[in-house]
Engineer: 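One structure coming up, written as structure tokens, with questions to follow.
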Number of protein chains: 4
Amino acid sequence: MASGEGSGEGGGAKPRTAAPTRRRASKEPADRRREILEAALVVFAEAGFAGARMQDVASRAGVAKGTLYLYFEDKEALFEGLVRQAIDPVLGRLEREFADFPGSTRAFLSVSFAHLANEAVHSPRRHIVRLMLGEGERFPEIAGFYYREVVSRGLGLLRAINARALERGEISSDAGLRFPQLLIAPLLVATVWEGLFQRHEALDVQGMLEAHAEITLRGLGWKEP
Amino acid sequence: MASGEGSGEGGGAKPRTAAPTRRRASKEPADRRREILEAALVVFAEAGFAGARMQDVASRAGVAKGTLYLYFEDKEALFEGLVRQAIDPVLGRLEREFADFPGSTRAFLSVSFAHLANEAVHSPRRHIVRLMLGEGERFPEIAGFYYREVVSRGLGLLRAINARALERGEISSDAGLRFPQLLIAPLLVATVWEGLFQRHEALDVQGMLEAHAEITLRGLGWKEP
Amino acid sequence: MASGEGSGEGGGAKPRTAAPTRRRASKEPADRRREILEAALVVFAEAGFAGARMQDVASRAGVAKGTLYLYFEDKEALFEGLVRQAIDPVLGRLEREFADFPGSTRAFLSVSFAHLANEAVHSPRRHIVRLMLGEGERFPEIAGFYYREVVSRGLGLLRAINARALERGEISSDAGLRFPQLLIAPLLVATVWEGLFQRHEALDVQGMLEAHAEITLRGLGWKEP
Amino acid sequence: MASGEGSGEGGGAKPRTAAPTRRRASKEPADRRREILEAALVVFAEAGFAGARMQDVASRAGVAKGTLYLYFEDKEALFEGLVRQAIDPVLGRLEREFADFPGSTRAFLSVSFAHLANEAVHSPRRHIVRLMLGEGERFPEIAGFYYREVVSRGLGLLRAINARALERGEISSDAGLRFPQLLIAPLLVATVWEGLFQRHEALDVQGMLEAHAEITLRGLGWKEP
DNA sequence: TATGAATGAGGCTTCATTCAT
DNA sequence: AATGAATGAAGCCTCATTCAT
């Protein structure tokens, strides 16, 4: 229970002798900012928006509480910054890879899902998804941002995949084109399962996603090109 | 008042304070309890655990703050009571229906998904799912309870459905038996979509679940019996 | 920590089936009142005025919370009643015994101190003294009452004892006449020691009071009559 | 929006609240700590532990409520700090003086009692004694601390005084050696009297302690060396 | 730019008191 | 007369935010 952070009686101990800060390598502001966001990701993910304490973010980032406010207007701006910064990389790469991918749709999906399985279980970004699930409804602006930057782009990519596969005659059903959500739904399950039920029943994410690909491709009328 | 000392003489008397009252139409304790839980569901769903205020729960339930504590030890117990009471009905019905269902697996799934689509979008219980997603990791005990009462039973039912279909020769793949999570994954998406992205892009839940059933059955090697 | 009293979640358990009260032998109101005061003595002594809970007093007295208010205006009146009722007996007896006592002053003191030693350690009234010490300053009215009914009478008795002894030539100093407080001071120590330091160092109250009598009598110039 | 849900759109933003500020002349933490303890002594002495309000301590110390918690874990730690800091000085001085005292035991007692009479009536430390009497039983740890730091040392000093006096042949009885409590008992009375009964009957503390010394020395068989 | 002591609004919880039964 | 569910003021404590250094 004890916050571990607080003063615990001993303020008396001459804080005059302060000053020899831990880190200090004349760091770029941008680095500092990133460190804060990384710390915030962990803390917000662990405790949710309301439950997260600025002090904990600061401690984990190795800065003083006040420093946070030099980089972010307030707690909410920090949350927003958190979501903003953590979403770029994966999708961009997939979009580019898709444009250039020479092989079959099956092969592309196989590669993509392997990527994403890893994201869903190991990447710190997985917390972002859980944060959006838990807090998104209370932050419509951030939810909107997330929709634009991640969801709609992701679904767009999936639609493109389906469209090309249809065009090429690799699949015969347009169900995936109409409901691309069906394709990433299992990833949501995987992301959530880890935190909630892993201790009760382990989930073989890799295996599940392979099964998912298999079922879905066959279900969409896959025909080897 | 004088030197900041206070009363000194007769003031020693009245320590704490009194409390007037307004009475409400008498009601069964069980009703009262249910009202509180209903109010709590709304408030917790809106604000999350840490963000929810007991005062708001009380106001919405039409009782005084203190009354909550006559029915629940503390905020956490209220949250637990919330999850406990809201999970029973649906699953029990499906389990019973499955045991007695005379038609094909396809028909059963069709009926079940219609039920669940409704649950996922319109029932107040849908908030429970979102609460579990957002807060479950911080309440392992409640997550465990939810796993036992809902998740494992639900997956068990799905496994039974798959097993019977295989046995009957309706499907040929055991992928659904091994990863029943794949079958409900779209429901999770539907539940979450409503709160987060509905305003940006409407989702036809009914249509999506039909597409899901179609894809999945075909993908599992469905053969009309 | 758990108050043991509270509702603990379970209000739901049909309190309709209530009614079969524990005690119920059609008791006299005076008895009921006394029971409440006895319970209050214990509870107030244990927790102090502010720390004592009406609920605890009620439980210990075997009545409902509301019943307390049929016998006492409020918490403070209960406290006052407590002090009032618990002080009579001892002093009255000593005063009467003194008037009739045939033996020497030494003998009378010996008997009295034996009485008082018992009071100070075993009687429930000993708590009254501690309550007065701890809370008296905040309840000047009660302190005044206690002064009139106990302190001044007690000191009066001690003065009378000294006066008679001087008159009889049993002692030669009037110090005890001028400061009768000196005679009961050790009793205060004994009363307080029990609760605070007994576990650290046992105190032989009987022995201490005997030593006190011996020293004091000799110190006052005792001469066997 | 719809069915009494609440804000819905932009309201999700501002969760908690902000906080303006007024700054105080900067001060050493140790000073601040001492100020708080001084304020606490007054407030706790007036109201007892349960009755004291942290807000009152803060106001009297000239700081904000929250500041108290920078210096003390919680209310109990503040109480403990209070007792801890207020006990040192007097005893240490007496112990040293005793070791070096050239004169007779009678002379030493005379000096000591004069000191203590002052303490008992005028020093702010007198409140500590009353707090211990009233609340000590509920804080065994603090009572234990008080026993070790004050009571046992004080009694030890008194035993040493008696032992030396016996050895020197100044007194003949070992009663004071066996029950040193008898020697300070009147001080307890003096300390308590002030707060409770002074308004009803003034007590000449100085005179009483002189009488006490006289009686006791004679009672112990004093013989001018 | 960075710090962290200080602030004070606000949350959870307790409990004296009331009053319908 | 007795009950105990209900009330709501008030207390302890937390923590986002500020600002003097």
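Note on naming: letters A, B, ... go to the chains in the order of the sequence lines (proteins, then strands), and numbering restarts at 1 for each one. The model shown is predicted, which means the values in this text are computed figures rather than measured ones.
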Engineer: With nearest nucleotide decided by heavy atoms, which residue, E73(C) or T67(D), maps closer to the 5′ end of DNA chain E?
Structural biologist: T67(D)
Engineer: State whether the distance check finds a donor on one side and an acceptor on the other, under 3.5 Å, for side chain K75(C) versus base dT17(E).
Structural biologist: no
Engineer: Mind calculating the distance between CG (L68(C)) and P (dT3(F)) to the nearest angstrom?
Structural biologist: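 About 10 Å, once rounded to whole Å.
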Engineer: DNA chain F: G66(C) or G51(A), which has the more 5' nearest nucleotide?
Structural biologist: G66(C)
Engineer: Taking only N and O in the side chain of Y71(C), is any of them less than 4.0 Å away from OP1 or OP2 of dA2(F)?
Structural biologist: yes
Engineer: Tell me the interatomic distance from R33(D), atom CZ, to dA6(E), atom P, rounded to whole angstroms.
Structural biologist: 13 Å
Engineer: For residues 136-143 of chain B, which residues have at least one heavy atom under 4.0 Å from DNA chain F?
Structural biologist: none
Engineer: Salt-bridge test for E137(A) and R130(B): reply yes if a basic N is under 4.0 Å from a carboxylate O, no otherwise.
Structural biologist: yes
Engineer: Please state how far atom CD1 in I36(D) lies from atom C1' in dA6(E), giving the value in whole angstrom units.
Structural biologist: 11 Å
Engineer: At less than 4.0 Å, is any side-chain N or O atom of R32(A) found next to OP1 or OP2 of dT1(E)? Yes or no.
Structural biologist: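 No, no such contact exists.
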Engineer: Tell me: CG of D31(C) to P of dA2(F), nearest whole Å?
Structural biologist: 12 Å
Engineer: In whole angstrom, what separates D56(D)'s CG from dG11(F)'s C1'?
Structural biologist: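 Rounding to the nearest Å, CG of D56(D) and C1' of dG11(F) are 11 Å apart.
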Engineer: dA5(F), dT13(E), dT14(F): which one has an atom nearest the side-chain heavy atoms of Y69(D)?
Structural biologist: dT14(F)
Engineer: Determine whether V83(A) and L131(A) satisfy the following criterion, side-chain contact (heavy atoms from CB on, under 4.5 Å), listing intermediate values before the conclusion.
Structural biologist: CA-CA 9 Å; V83(A) 177; L131(A) 274 174; 5.9 Å; no
Engineer: Rounded to whole Å, please give me the gap between CE in M54(D) and P in dT14(F).
Structural biologist: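 Roughly 10 Å, once rounded to whole Å.
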Engineer: Looking at residues at least two apart in the chain, or sitting in another chain, which of them share a side-chain hydrogen bond (donor to acceptor under 3.5 Å, both in side chains) with Q55(B)?
Structural biologist: S59(B)
Engineer: My understanding is that only residues two or more places apart in sequence, or in another chain, count here; which of them pass side-chain hydrogen bond (donor to acceptor under 3.5 Å, both in side chains) with E38(C)?
Structural biologist: none
Engineer: If you assign K65(D) and A52(A) each to the DNA chain F nucleotide with the nearest heavy atom, which residue ends up on the more 5' nucleotide?
Structural biologist: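 Looking at the nearest nucleotide for each, K65(D) comes out on the 5' side.
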Engineer: Atom CZ of F72(B) to atom P of dA6(F): distance rounded to whole Å?
Structural biologist: 12 Å
Engineer: With sequence neighbours excluded, what pairs up with R33(C) under the side-chain hydrogen bond (donor to acceptor under 3.5 Å, both in side chains) test?
Structural biologist: none
Engineer: Quick one: Q55(D) CD to dT7(E) C1', roughly how many Å, whole number?
Structural biologist: 11 Å
Engineer: Give the nucleotide from the list dT1(E), dT7(E), dG11(E) with an atom nearest to the side chain of L70(A).
Structural biologist: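 Looking only at side-chain atoms, L70(A) lies closest to dT1(E).
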Engineer: Under the salt bridge (Lys or Arg N to Asp or Glu O under 4.0 Å) definition, can you give me all pairs with a residue in residues 48-57 of chain B, not counting sequence neighbours?
Structural biologist: R53(B)-D56(B)
Engineer: Quick one: ring-ring contact (aromatic ring centres under 6.0 Å, His included) partners of F49(B), sequence neighbours excluded?
Structural biologist: F44(B), F79(B), F139(B)
Engineer: Starting from Watson-Crick (N1-N3 plus N6-O4 or O6-N4) and G-U wobble pairs under 3.5 Å, report the runs of at least three that DNA chain E belongs to.
Structural biologist: E:2-21 with F:2-21
Engineer: For Y71(A), what residues pass the ring-ring contact (aromatic ring centres under 6.0 Å, His included) criterion, not counting sequence neighbours?
Structural biologist: none
Engineer: Just to verify, what does A39(C) make a side-chain contact (heavy atoms from CB on, under 4.5 Å) with, not counting sequence neighbours?
Structural biologist: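 For A39(C), the residues satisfying side-chain contact (heavy atoms from CB on, under 4.5 Å) (neighbours in sequence not counted) are V57(C), R60(C), A61(C).
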